[in-house]
Amino acid sequence: MNYHFNDIEAKWQKYWAENKTFQAQNQSDKPKYYVLDMFPYPSGAGLHVGHPLGYIASDIYARYKRHKGFNVLHPQGYDSFGLPAEQYAIQTGQHPALTTETNIKTYRRQLDQIGFSFDWSREVRTSDPNYYKWTQWVFIQLFESWYNKDTNKAEAITKLISVFASEGNTNVNAACDDAIETFSAEDWNSYLTEQQEAILLKYRLTYLAETEVNWCPALGTVLANDEIVNGVSERGGHPVVRKKMTQWSMRISAYAERLLNGIDYNTDNLEWTESLKDIQRNWIGKSVGASVTFNVKMTSEMLKLVQHDETERHSELNSESNPYKIDVFTTRPDTIFGVSFMTLAPEHELVTKLTTETQKVEVEAYIKATAKRSERDRMADVKTISGVFTGAYAEHPFSKEPIPIWIGDYVLAGYGTGAVMSVPCGDQRDYDFAKHFNIAIPNIFDGVDISEEAFADKDKTVIVNSDFLNGLKYKKAVKTAIYELEKLGQGEGKTNYRLRDAVFSRQRYWGEPFPVYYVNGLPQMIDAKHLPITLPEVEKYLPTETGEPPLGNATVWAWDALKGELAKNKDIDNVNIHPLELNTMPGWAGSSQYFNRYMDPHNENEIFSKEAIDYWKQVDLYIGGSEHATGHLLYARFWQKFMFDMGLVPVDEFAKKLINQGMILGTSAFVYRMEGTNTFLSKSLIKNKDVQPIHADVSFVNASDELDIEAFKNWRTDFKNAEFITEEDGSFKVSREVEKMSKSKYNVVSPDNICAQYGADSLRLYEMFLGPLEQAKPWNTAGITGVHGFLKKLWKLYFGENGLTVTDAEPSKDNLKTLHKTIKKVEEDIENFSFNTSVSTFMIAVNELTAQKCTSKNILEPLLILLSPYAPHIAEELYSQLGHDKSISTAPFPEFDASHLVESSKNYPISFNGKMRFTLELPLDMSKEDIEAAVMAHDKTKEQLQGRQPKKVIVVPGKIVNIVG
RNA sequence: GCUCAAGUGGCGGAAUUGGUAGACGCGCUGGAUUCAAAAUCCAGUUCUUUCGAGAGUGUGGGUUCGAUUCCCACCUUGAGUACCA
């Protein structure tokens, strides 16, 4: 009987589906274990061999945990909202839901054929209204919450309202918009509802505000920072410009410190790799320093302006005590006496007010010029120093000396306060700016040469020329400076984060609609009992002619607040029937809580039941790509912390352990055509020839890099009559190069073909065998014959020509030794996610057992359980052939027994000066002295020493002997 | 620029606490089987070599009886981030 992998695999896939073998229960006597993959976006291209890598790894772990007696949850679903389906809809008119459905069918077929142990009864799709109902629900909860910095958690907005009503906002310590004016309880109670609503928006965890956003004209939508790569859109590489728009934002900045603390201190709940933690740390970008307030030296023109402003605001303060102030953030308050100018971002709101009559023309021209530059231009050109003097001066907080105020585009409006105190002796950019514009560069560092460049080494700093800071070192100087600034009321210690609030609106059709309608321009939440608010039908998926998002095309997209149902747009009366939000949510909305929904996916009354979340708690193992480090993985942590504050989840990190699988690269094949001809040269003939490299489809090339010339000729009409000059042996060789796997490089390999030709078990083994899980590595189909041959060899261990050969024979000592060293190694490897090395271990075991002619069931049955996580189909088949009528999937993992590995002797490596020269078999219970004597007496030792007397002999019993001299 | 990771045969990679470098597999070479091929099986395969042996894990140094492994400097590649004050 031969190994018919296609039949076997189909048989067991059917068995698992029919018997619901991998369906997880929400209660069990067994301990729980939750293994999760990042769910896929079902693209039209289907899977290539790179996609299942992480799924295979997580499947091995999930299956292993079942053997180890765990109640395993291993779900799968689809992140099915997204741009490609929408763009296809724009081109063809086909509803994105249909495209998505078709693509999901393909994905499901491809996933099923690989034999994953997913619990498909828990499948979620982000574009399913029954799912996105809960995405909308979380959004409402965020809207109804604010962040209390005193209790350090999110709290109900109703609580904030009652504080405002009883004591105003002076004692409220919230994560909120900057520049919120203080008000008393009387003020609050006298405000109109609209005024109150507008104020509350500045506190809510999701809020509507006019912000500078990244607008991508080509995609017709805004993008979050993590969706921009090198100044262009991640999808499609289109230019991005800064634009002010009213958009929903998520106040993730409120959680910046807790997101960092989770990385640095909550390591029990966040066993992520250091590199991934580094990426998030970097992205959050904490810097500790101080804010410093500089008073502007007022000119008579400015005073007029101030008085005008103040009268407008009905303020009783007089202008003398309220000049213009410039707040800056600095990480080096110790260098305050090194300030020789200030620089504002061109967009800074004070610029127009400060600029003097004489400088006006120059300043306005500069602002205009910088506004025109795109994000990318600005990034590409960081070398050019540009800026303009405003004509105004600020006053040094201590020396009271005048400090010229400049504007320059090296200062970013979006970071800190959009203004810096420039210390040219301690900051290279300030230094370059000062040199360029001939501004003074005072030195405040003791014994440091700053004639060529700035000096930024904190640790070696001793401050001079700095009044009360003279003679102090960095740390002390920082403390003292902050203390003195606080005394003056012109500064305080401050921490700044690079992390910005995340824009949450997208001008798209194929996304979650907001559960929001507008009354008098102010957003109102739809009551959760009316959810889901489902996507309306539209004629076209493009923006409207008036520039509104695609939902502006819908005719039934208004909200009847009285009846609590959708209404027609033409019936909008702004009394009972109001317009609905036209934006949709971004891609990461649906992926920020899906892992919890899997715990209780069919619950219609709650996002998940308390029992379910208390049972499963959090994901124990999460496997996915590191490209989500600053997107999904950060947003999901933020939502989880919010859900934790709400008391909805028991753990504030959603994924205990995270592993990033490396990318599988393609091995492209190149053929060479002589320039100007239709003649192709084999690889070794191209030296010194003028040739043009052309990608050949990798399916035309065999393991020895020989091209199937006929297949290549039939590929394209212009190759039809091509000439081929071969090697001497008649073969035509291609050259190989490792590149990213992509259609345009003709190096894409589909798992469908591999499964048909070698089987899913071979595919699974080979993907693991390629190399360490987390490492990027090239795919080369040729190598799969190795693992495929192994499976055939394994099969032969159980089946001969005349059927099953397994017996009840007592295992030999060697049999047991092979089995138990395999158990030990495989178990260690799985625990360490070192799957590549356990495949080698299996090969060694099968090679050894074959050589030993082992037929013993006591060896061959446990071997199947060891192998079952990796190659489940063949393991199930052989296990059933051994007489079992139940699936192997929960058979207990074999117990390692060290007694089978005990040796009585050791083959000692004998080294001379650390170099191994020969080995010597000696009993393990031999004493150090006897070992030394035996080695010294050996002929080869004498030969090595050639009469020399060794200086020293190192004997490590059980390990090595080293002779020095 | 800053942060992180990695450099081992023709190729993918192994060596888990400092102790026989190159496991396992691909490819290659030779052989068996076959009319032939595929498949299968056996042997060999880091480099140099005067066939005794010698060298060797990106480069240079250090610690050690002993270093792919630890330390220092440098080079290369990849990833993240980027006028972040």
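Checking each of A:Tyr758, A:Trp779, A:Phe790 against A:Tyr766 for a ring pair (Phe, Tyr, Trp, His ring centres under 6.0 Å) leaves exactly one that passes, namely A:Trp779.
The phosphate of B:A79 has neither OP1 nor OP2 within less than 4.0 Å of any side-chain N or O from A:Ser626. Neither OP1 nor OP2 of B:G1 sits under 4.0 Å from any side-chain N or O of A:Arg429. For B:G12, the OP1/OP2 oxygens have no side-chain nitrogen or oxygen of A:Asn836 closer than 4.0 Å. Within the structure, a side-chain polar atom (N or O) of A:Gln775 is placed less than 4.0 Å from OP1 or OP2 of B:G13. Taking 4.0 angstrom as the limit, A:Arg917 places a side-chain polar atom (N or O) nearer than this to OP1 or OP2 of B:G54. At the phosphate of B:G25, OP1 or OP2 sits under 4.0 Å from a side-chain N or O atom of A:Asn847. Dashed line: the shortest gap from a side-chain N or O of A:Ser704 to OP1 or OP2 of B:C28 is under 4.0 Å.
To the nearest 0.5 Å, atom CD of residue A:Glu774 and atom CD of residue A:Gln661 are 9.5 Å apart.
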field: Per-nucleotide protein contact string for nucleotides 59-69 of chain B, where B marks a base within reach and S marks sugar-phosphate only (heavy atoms under 4.0 Å, - for neither)
entry: ------BS---

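Of the possible donor and acceptor atoms, one in the side chain of A:Arg500 sits under 3.5 Å from a partner among the backbone N and O of A:Gly414.
Mapping A:Pro772 and A:Ser386 onto RNA chain B via the closest heavy atom, the residue that lands nearer the 5' end is A:Pro772.
Contacts between residues 786-795 of chain A and RNA chain B, defined by a heavy-atom separation under 4.0 Å, are made by A:Gly786, A:Lys792.
Contacts of A:Lys824 with the nucleic acid, taken as non-hydrogen atoms under 4.0 Å apart, are absent.
Side chain of A:Asn282, nearest nucleotide from B:U40, B:U3, B:C26: B:U3.
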